[in-house]
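Counting convention: from 1, in listed order, for ligands and their atoms alike. Computed from a prediction, not measured in an experiment: that's the story for all the values here.
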Amino acid sequence: MRQVRTYKNKEQLWSLTSMSERIVLVAHTNPDGDAVGSLSAMYHFLKQTGKHAVMMVPNAFPGFLSCLDPADNPVRIYREGPQECDRILAGADLIICMDMSGPSRIDEMSDAVFKGSSAKRILIDHHLNPVADPFDIVISDTEVSSTCELLLSLILESEAIEGDINRLNLDCATSIAAGILTDTNNFANSIFPATLERASMLLKRGVDRDALYDSIFCSYSASRMKLMGHLLSEKMAIIQHGKVAFITLDNDDKDRYSYCTGDSEGFVNLPLKIRGVQMSALLTEDDGFVKVSLRSKGSLDVNLFARQYCNGGGHRNASGGRLYMDISETAAYFTASIEDYFKKA
Ligand code: 5GP
Ligand code: MN
């Protein structure tokens with residue numbers, strides 16, 4: 001049976017944060033809206049309770065998420081100043097990892113977080129198969145839309161809020177809404193009954209959903225839209241009798257369309273709009289590897305596919321991984337892997 005909840009010392013969450021003085025909040029490589037949203041939501045909540053925290057991610061996040069980055073205390077990018085970040089992590093007394101299933105999701109930052117620090121560690125996450133060992137507290141729930149949704153339920157249980165959403169500061173509420181909005185792809189998937197109840201609470205609290213939607217989903221450059229057109233018309237293949245589609249995005253495409261971090265956000269969802277397509281992949285050339293993004297519909301499990309063929313993982317309908325081969329080899333590898341996967345299924 002699939003594990004839905006993994007708890008270790010959950011009841012100690014808010015007492016541990018209140019006892020800590022040097023708190024660092026960490027989220028995964030290639031941070032998305034849920035990663036940046038959960039960092040900034042936790043930052044604003046802790047600030048409300050009189051605590052300061054430093055936020056840190058391994059690499060830069062897309063420009064459209066900068067609306068979530070607290071102006072008075074921007075998220076630190078490990079790759080842009082590793083020594084300073086190592087120093088902060090070494091001096092921390094509490095590290096809270098969010099929206100990541102374990103150490104491998106923060107790449108080169110992992111040693112500083114898990115070996116270079118004697119801090120207590122907390123995991124708050126919604127991915128399948130969390131790695132619980134390195135954490136003193138684990139709060140993992142896979143039946144929520146996002147880490148932000150899970151964080152909201154925890155915050156509502158805190159003494160500072162006592163279930164009253166109106167006590168929550170608006171910056172925190174807005175960051176939580178952003179994580180829910182992005183991880184559900186604007187309420188298209190990963191919705192559970194409680195997701196809509198919690199989203200409703202956020203609207204009642206005063207979150208400006210229209211402004212948030214505009215900043216997140218309507219702030220693309222013209223070259224990003226042209227890249228999307230190019231990929232759909234020239235770089236998409238449909239295989240497995242119309243059930244699977246994949247797009248390859250190589251460095252030539254990136255150069256031609258002045259690619260910026262985050263420009264390919266949402267591309268992987270597009271082939272799922274084709275009738276009959278149940279699984280979609282985006283294969284993106286990166287530095288020394290090819291990043292794989294996977295999406296599926298219904299019971300088709302891309303987490304399993306990511307784990308077996310792509311050195312990755314994630315959720316049943318949204319996963320990712322990495323292929324350590326040249327981009328020119330990935331179409332053949334992916335096609336063969338799909339054939340194998342469907343044959344065994
Ligand atoms: P995305 O396609 O948006 O990058 O990622 C989709 C989901 O897969 C996210 O929940 C993300 O955490 C997970 N994921 C993405 N890349 C990797 C990876 O390299 N390893 C693992 N274990 N999960 C990943
Ligand atoms: Mn997430």
Side-chain angles (χ1 to χ4, degrees), residues 25-42 57-62 64-65 68 97-110 123-131 139-152 175-186 188-192 195 216 246-247 249 261-272 279-284 286-296 301-324 334:
L25 313 175
V26 170
H28 64 76
T29 303
N30 298 330
D32 57 10
D34 193 29
V36 180
S38 45
L39 290 188
S40 90
M42 183 63 108
V57 288
N59 62 345
F61 49 84
F64 66 85
L65 294 176
L68 305 176
C97 294
M98 290 187 286
D99 200 34
M100 49 179 271
S101 50
S104 70
R105 296 290 288 121
I106 51 171
D107 295 302
E108 73 265 40
M109 213 169 116
S110 149
L123 177 67
I124 301 176
D125 183 48
H126 72 127
H127 292 95
L128 296 166
N129 316 107
V131 181
I139 302 169
S140 156
D141 186 345
T142 61
E143 302 238 314
V144 289
S145 63
S146 51
T147 300
C148 278
E149 184 191 332
L150 174 58
L151 182 58
L152 177 58
S175 296
I176 289 171
I180 297 177
L181 208 60
T182 51
D183 258 21
T184 63
N185 184 26
N186 194 28
N189 34 47
S190 316
I191 301 281
F192 296 86
T195 309
I216 291 174
F246 68 96
I247 294 172
L249 167 53
T261 308
D263 275 358
S264 57
E265 204 70 38
F267 286 176
V268 66
N269 296 307
L270 297 172
L272 287 180
M279 173 174 167
S280 160
L282 176 68
L283 310 171
T284 309
D286 206 313
D287 209 6
F289 61 91
V290 173
K291 177 175 163 39
V292 183
S293 267
L294 298 160
R295 299 291 184 273
S296 66
D301 191 338
V302 286
N303 169 56
L304 212 58
F305 182 83
R307 291 165 77 83
Q308 285 176 0
Y309 301 94
C310 307
N311 310 296
H315 315 276
R316 188 181 64 183
N317 297 129
S319 287
R322 289 176 184 192
L323 297 177
Y324 297 95
F334 183 77

Which one of Leu25, Asp141, Leu150 satisfies the side chain to side chain contact (heavy atoms under 4.5 Å, CB included) criterion with Ile124? Leu150

Indicate whether the side chain of Asn189 and that of Thr184 have a donor and an acceptor atom separated by less than 3.5 Å. no

re atom 10 (O) of ligand 1, the protein heavy-atom contact at minimum distance is His127 NE2, 2.8 Å

Could you check atom 7 (C) of ligand 1 against the protein and tell me its nearest heavy-atom contact, residue, atom and distance included? Ala318 O, 3.6 Å

Determine whether a donor-acceptor pair (N or O, by modelled atom type, separation under 3.5 Å) exists between the side chain of Ser264 and the backbone of Phe267. no

Identify the protein heavy atom lying closest to atom 4 (O) of ligand 1, giving its residue, its atom name and the separation to 0.1 Å. Lys291 NZ, 2.9 Å

If you take all heavy atoms of Asn30 and Lys291, which pair is closest and at what distance? ND2-CD, 3.7 Å

Can you find a non-hydrogen atom of Ser319 under 4.0 Å from ligand 1? yes

Nearer than 2.8 Å to the Mn ion (ligand 2), the protein contributes N, O or S atoms numbering 4

Heavy atom of the protein closest to atom 15 (C) of ligand 1 (residue, atom name, distance): Gly320 CA, 3.4 Å

Is the shortest side-chain heavy-atom distance between Met98 and Leu39 below 4.5 Å? yes

Would you check whether His28 has a nitrogen or oxygen atom less than 3.5 angstrom from a nitrogen or oxygen atom of ligand 1? no

Ligand 1 atoms nearer than 4.0 angstrom to some heavy atom of Gly312 are 20 (N), 21 (C), 22 (N)

So if I count the atoms of ligand 1 from 1 in the order they appear, which ones are less than 4.0 Å from some heavy atom of His315? 10 (O)

Taking all heavy atoms of Gly313 and all of Ala306, pick out the closest pair and write down the distance. N-CB, 3.6 Å

Is the side chain of Ser280 donor-acceptor paired with the backbone N or O of Val268 at a distance under 3.5 Å, no angle test? yes

Donor-acceptor contact present, side-chain Asp34 to main-chain Thr147, <3.5 Å: yes

Protein heavy-atom partner closest to atom 3 (O) of ligand 1 - residue, atom, separation in Å: Arg295 NH2, 2.9 Å

Distance to 0.1 Å, residue and atom name: give those for the protein heavy atom nearest to atom 19 (O) of ligand 1. Gly321 CA, 3.5 Å

List the residues meeting side chain to side chain contact (heavy atoms under 4.5 Å, CB included) with Ala35, not counting sequence neighbours, and say none if there are none. Ala27, His28, Pro31, Asp32, Asp99

Short N or O distance, Arg105 and ligand 1, threshold 3.5 Å exclusive: yes

Polar contact flag, side-chain donor to acceptor under 3.5 angstrom, Arg295-Asn185: no

Considering non-hydrogen atoms of the protein only, which is the closest contact for atom 23 (N) of ligand 1, and what is the distance? Gly313 O, 3.2 Å

Can a donor-acceptor pair be found, under 3.5 Å and without considering hydrogens, that links the side chain of Asp125 to the backbone of Met100? yes

Contact (N/O only, under 3.5 Å) between Ser293 and ligand 1: yes

What distance separates Leu304 CG from Leu294 CG, expressed to the nearest 0.5 Å? 11.5 Å

